[in-house]
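This report concerns only the one structure given below.
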Amino acid sequence: MQLTAQKLWTKDFLIISLVNFFLTLIFFLLMVTIGVHAVSAYGASTSEAGLVTGIFIIGTLFGRLFIGRLIDSIGRRKTLLIGLTFFTATILLYFLDFGIGFLLFTRFVHGLGMGLSSTATGTIVAQVIPGSRKGEGIGYYSMSSTLATAIGPFVGLMMSQYTSFSVIFLACFVIGLISLGSALFVTVPEPDNPQVVRGLSLGAFVEPKALPIALIIGVAALSYSSVLSYINFYASELDLVEAASIFFLVYSIAVLISRPITGRLMDERGANIVMYPAIVLFAVGMLVLSQANNAVMLLLAGALIGLGFGNIQSGTQAIAVKAADPHRMGMATSTFFIALDAGLGFGPYLIGLLIPLTGFSTLYLLLAGVVFFTVFLYYLMNGRRERAEMKQAA
């Protein structure tokens, strides 16, 4: 009986990881192509193209705020199916040509669908993973996003060169249908006594116990958004465009190699043994990026940032889920992703305001300092409590 309880690679775990892969694949495939579509099809300016790209994440943020308080009362499986149906159906709106305003609307509501679906997958996977293997399981689950992070942009850029945008949208719709069909086969144990969250208090929208660690991922995501959004511009300035084309591939390989190890370490020896080195590696990666003047340094930065931010992301998600009571797991997952989305969504705009003043090299140097500071922020928000709990358990 104990062996069954500790099993990680169940049918439900594999299906939810696959659904998460498809969701993230569509997200990144469109992220690298939709701005070009806005310019070529609607004559959008650079700032409008940026808004078309980023408003998706704002929609995702609103979706998480809405569903985080309702997921347990609606039902986790039902929420997943509703979210995936809405997410997939919304892709059809990309085929309609009613101007740049309608495209912005489409991106926003598509983001809402992403918020509903990904909050459900994150909540369900935290539930089907055995408690003693939470760090390892979330690490493996997060690898589905990591693979999509590498494959999505690559496929999107290739398709934009050789096919029309109608074909791109059709491919995304088919992938959405596959994810919805896959989700029909998942079995989700629902809470025995789901609590209906009412009112407009803080606890109605976020899990207070997950807020401290959510702050950490928010700061880290804001810093990482500078890489996600501006690495190609920086590489063009350095004349390293070819190296930049495989930057995220190197990033993903570093994450894929390290996560199985770091996830197991978290479960056996606590979060601190992973989080402190990950934050430092992220900071060092940003420092190397700020000083890059050749392809080797640029790709070394990609590997270090993968080892750093990639493990911060999975580590903070595991901490957020463990911090919450079982019946608030959905809210904790939503809180984590709200902070992640806020950092990734608003970061490019805020950082974009600094670039004319600092330039890319100085910008990444400053952000390396911000990430280094996160070590002390983590200590205050979670590190010392984690250390005390590990001592008590020993």
*If only atom types and distance count, is the side chain of Ser117 paired as donor or acceptor with the main-chain N or O of Met114 below 3.5 Å?*
no
*Please check if the side chain of Thr262 supplies one atom and the backbone of Val274 the other of a donor-acceptor pair under 3.5 Å.*
no
*Please state whether the rings of Tyr251 and Phe248 are parallel, tilted or perpendicular, taking 30° and 60° as the class boundaries.*
perpendicular
*Any side-chain heavy atom of Ser144 sitting closer than 4.5 Å to one from Leu18?*
no
_Candidate pair Val255 and Asn311, rule side chain to side chain contact (heavy atoms under 4.5 Å, CB included), full reasoning_ = CA-CA 7 Å; Val255 177; Asn311 286 294; 5.7 Å; no
_Counting C-beta onward and ignoring hydrogens, is there a side-chain heavy-atom pair between Phe173 and Phe169 closer than 4.5 Å?_
no
*May I ask you to decide if the ring planes of Phe309 and Phe282 are parallel, tilted or perpendicular, using 30° and 60° as cut-offs?*
tilted
Show every donor-acceptor pair shorter than 3.5 Å between a side-chain atom in residues 92-101 and any protein atom, with sequence neighbours excluded, or say none if there are none.
from: Tyr94; atom 1: OH; to: Arg107; atom 2: NH1; distance (Å): 3.1
from: Tyr94; atom 1: OH; to: His110; atom 2: ND1; distance (Å): 2.8

*Decide yes or no on side chain to side chain contact (heavy atoms under 4.5 Å, CB included) for Ile305 and Phe247, but give the supporting numbers first.*
CA-CA 10 Å; Ile305 291 170; Phe247 180 92; 4.2 Å; yes
*Check each of Phe87, Phe56, Phe22 against Phe27 using the ring-ring contact (aromatic ring centres under 6.0 Å, His included) test, and report the only one that passes.*
Phe56
*Taking all heavy atoms of His37 and all of Tyr42, pick out the closest pair and write down the distance.*
NE2-CE1, 3.8 Å
*If you draw a 6.0 Å radius around CZ in Phe376, do more than 12 non-hydrogen atoms from other residues or ligands fall strictly inside?*
no
*Counting distance only, does the side-chain N/O of Arg77 pair as donor-acceptor with the main-chain N or O of Val186 below 3.5 Å?*
yes
*asked:* When you compare the side chain of Met266 with that of Ile319, does any pair of heavy atoms fall below 4.5 Å?
replied: yes
*Given side chains that start at C-beta, do those of Glu268 and Ile273 come closer than 4.5 Å, heavy atoms only?*
no
*asked:* Does Phe62 have more than 12 heavy atoms from other residues, nucleotides or ligands lying within 6.0 Å of its CZ?
replied: no
*asked:* Tell me if a side-chain donor or acceptor on Thr88 pairs with a main-chain N or O of Thr85 at a distance below 3.5 Å.
replied: no
*So, does Ser258 use its side chain to make a donor-acceptor pair with the main chain of Leu307 at under 3.5 Å?*
no
_Beyond-backbone contact of Tyr224 with Ile312, side-chain heavy atoms, under 4.5 angstrom_ = no
Would you list the atom pairs, donor with acceptor, under 3.5 Å between side chains in residues 358-374 and any protein atom, with sequence neighbours excluded?
from: Thr358; atom 1: OG1; to: Leu354; atom 2: O; distance (Å): 3.2
from: Ser361; atom 1: OG; to: Ser290; atom 2: O; distance (Å): 2.6
from: Thr362; atom 1: OG1; to: Thr358; atom 2: O; distance (Å): 3.4
from: Tyr364; atom 1: OH; to: Ser226; atom 2: O; distance (Å): 2.9
from: Thr374; atom 1: OG1; to: Val370; atom 2: O; distance (Å): 3.0
from: Thr374; atom 1: OG1; to: Val371; atom 2: O; distance (Å): 3.3

*Exam field: side chain Thr121 to backbone Asn20, donor-acceptor pair closer than 3.5 Å*: no
*Side chains of Tyr276 and Asn272, donor plus acceptor under 3.5 Å*: no
*Would you please test Val109 and Phe86 for side chain to side chain contact (heavy atoms under 4.5 Å, CB included) and show each step?*
CA-CA 9 Å; Val109 295; Phe86 184 78; 4.3 Å; yes
_Heavy-atom closest pair, residues Gly176 and Ser179_ = O-OG, 2.6 Å
Side-chain polar contacts of residues 209-223 - donor-acceptor pairs under 3.5 angstrom, sequence neighbours left out - could you list them?
from: Lys209; atom 1: NZ; to: Asp325; atom 2: OD1; distance (Å): 3.3
from: Lys209; atom 1: NZ; to: Asp325; atom 2: OD2; distance (Å): 3.4
from: Ser223; atom 1: OG; to: Val219; atom 2: O; distance (Å): 3.2

*Hey, is CG on Asn293 packed in by over 12 heavy atoms from elsewhere, all under 6.0 Å?*
yes
*Considering all heavy atoms, the nearest Ala148-Leu25 contact*: CB-N, 3.5 Å
_So Lys322 and Gln317, do their side chains get closer than 4.5 Å, heavy atoms only?_
no
*Aromatic centroids of Tyr141 and Phe13 separated by under 6.0 Å*: no
*Min side-chain heavy-atom separation Asn294-Leu238 under 4.5 Å*: no
